[in-house]
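Side chains included, hydrogens not; waters and symmetry mates left out as well; all remaining heavy atoms used. Proteins come first, then strands; the chains are lettered A, B, ... in the order of their sequence lines, and each starts at number 1.
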2 protein chains.
Amino acid sequence: MDDSVDHAILSAISRDARATLSQLSEAVGLSVSAVQSRLKRLETRGVISGYRAVLDPEQVGTPLSAFIEIAPLDPAQPDNAPERLEHLDAIEACHSIAGDAAYMLFVRVPSPRALEDLVRDIRLAANVSTRTTVVLQTYYENRPIIPVGAAGA
Amino acid sequence: MDDSVDHAILSAISRDARATLSQLSEAVGLSVSAVQSRLKRLETRGVISGYRAVLDPEQVGTPLSAFIEIAPLDPAQPDNAPERLEHLDAIEACHSIAGDAAYMLFVRVPSPRALEDLVRDIRLAANVSTRTTVVLQTYYENRPIIPVGAAGA
DNA sequence: CCTGAAAACGATTAGAA
DNA sequence: TTCTAATCGTTTTCAGG
């Protein structure tokens, strides 16, 4: 169902999502149509959930990033923080975590001032306390994934 | 030099990196060639640093993710942890941070056992202590960026 | 599930405003 | 920087193994 060829396709398209089918077909040694149907299948099954351009945060106006851990102020209230925060575009990721806090957010903002405002918005929107860790420098992120053992349906 | 059209292109291609030039041209209301030269310029300037397929971690064999904060055991030693960890494919991101620790890593692994091994590898490779926060659930990540004010050259 | 070929479509280039 | 138009390459579809 799903073998080293799919693995090779995933690896190639992880590195360059705009690769043409003919480029992929060269890379994996199969005909263009074979690659096309495999790619379509990977998309349908949700193995590939989308394609993103990676933008330079500096040039795009959000040079400052931070991790924000949040914990509910009132443990009795319904814990739907992810929903309540979804409208805040500055939040790039939201994970629930094991540890002191309940959630870990990753955010990008234009300035320290914008971070201050964002933290306030988060507190108000989700009724939580926050613990912010500012990122000083990003050495790498979004590294192309080298799938381990792509599983079938 | 760089206006709302570039902004629209970035927004569109952030959501679907495989969009064709004609799709983009429809989206922004410019001819295909105009979009093409703008896109090329955005790539050349590094505003767009690459294109990635987003894969489903579950289906790709790395269902477990975690944040790992690391701090040097010997503050006197040269602090080149990012280099010393770069070969570990499980590490998806590496940031230096302000706070208790020196660096924040984000990692993806197949299993708790693999996480155990990875943490050991990190300690050995970088001579650091670690503090691991396991991710229980990911509500969202890799959200398409809505650039704030794409800056020119 | 694969290949290969024809037709449709998209990308690229050149020339002009 | 933009457009149009011709050329070239890619994607899609389908017949066949």
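- Rounded to an integer number of Å, the gap from A/Arg38 CZ to D/dT12 P is 17 Å.
- Hydrophobic side-chain contacts under 4.5 Å tie A/Met104 into a cluster, directly or through other members, with A/Phe67, A/Ile97, A/Phe106, A/Val135, B/Phe67, B/Ile97, B/Met104, B/Phe106, B/Val135.
- Panel note: side chain A/Ser111, backbone A/Ala114; a donor-acceptor pair is recorded below 3.5 Å.
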N/O to N/O distances under 3.5 Å, protein versus nucleotides 3-7 of chain C:
unit_1: C/dT3; atom_1: OP2; unit_2: A/Ser31; atom_2: N; d: 2.9
unit_1: C/dT3; atom_1: OP2; unit_2: A/Ser31; atom_2: OG; d: 2.7
unit_1: C/dG4; atom_1: O6; unit_2: A/Ser33; atom_2: OG; d: 2.8

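- Hydrophobic side-chain contacts under 4.5 Å tie B/Leu124 to no other Ile, Leu, Val, Met, Phe, Trp or Tyr residue.
- Between the A/Ser49 side chain and the B/Asp56 main chain, no donor and acceptor come within less than 3.5 Å of each other.
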| query | Would A/Ser11 and A/Arg15 satisfy side-chain hydrogen bond (donor to acceptor under 3.5 Å, both in side chains), going step by step from the backbone distance to the final call? | reply | CA-CA 7 Å; A/Ser11 176; A/Arg15 281 189 294 271; 3.0 Å; yes
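- Hydrophobic cluster membership of A/Leu88, counting Ile, Leu, Val, Met, Phe, Trp and Tyr whose side-chain heavy atoms lie under 4.5 Å apart directly or via other members: A/Leu64, A/Ile68, A/Ile70, A/Leu85, A/Ile91, A/Tyr103, A/Leu105, A/Val107, A/Val109, A/Leu115, A/Leu118, A/Val119, A/Ile122, A/Val128, A/Val134, B/Tyr139, B/Tyr140.
- A salt bridge does not link B/Glu92 to B/Arg52: none of the charged side-chain nitrogens sits closer than 4.0 Å to a carboxylate oxygen.
- Contact check of residues 17-26 of chain A against DNA chain D (heavy atom, cut-off under 4.0 Å) returns A/Thr20, A/Leu21, A/Ser22.
- Distance A/Lys40 NZ to D/dC14 P: 11 Å, rounded to the nearest Å.
- At its two ends the helix from C/dC1-D/dG17 to C/dA17-D/dT1 runs along axes set 30° apart, each axis drawn from five pairs and the angle rounded to 10°.
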| request: Go through A/Gln59 and B/Leu42 one step at a time and tell me if the side-chain contact (heavy atoms from CB on, under 4.5 Å) criterion holds. | output: CA-CA 10 Å; A/Gln59 295 195 58; B/Leu42 289 168; over 6 Å; no
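- Distances shorter than 4.0 Å separate some side-chain N or O of B/Gln36 from OP1 or OP2 on C/dT12.
- Note: the hydrophobic cluster containing B/Leu30 also contains B/Leu21 (ILVMFWY, side chain heavy atoms under 4.5 Å, direct or indirect links).
- Rounding to whole angstrom units, CG of residue A/Leu39 and C1' of D/dT11 are separated by 12 Å.
- Of the charged side-chain nitrogens involved, none lies within less than 4.0 Å of a carboxylate oxygen, so that B/Arg131 and B/Asp100 do not count as a salt-bridged pair.
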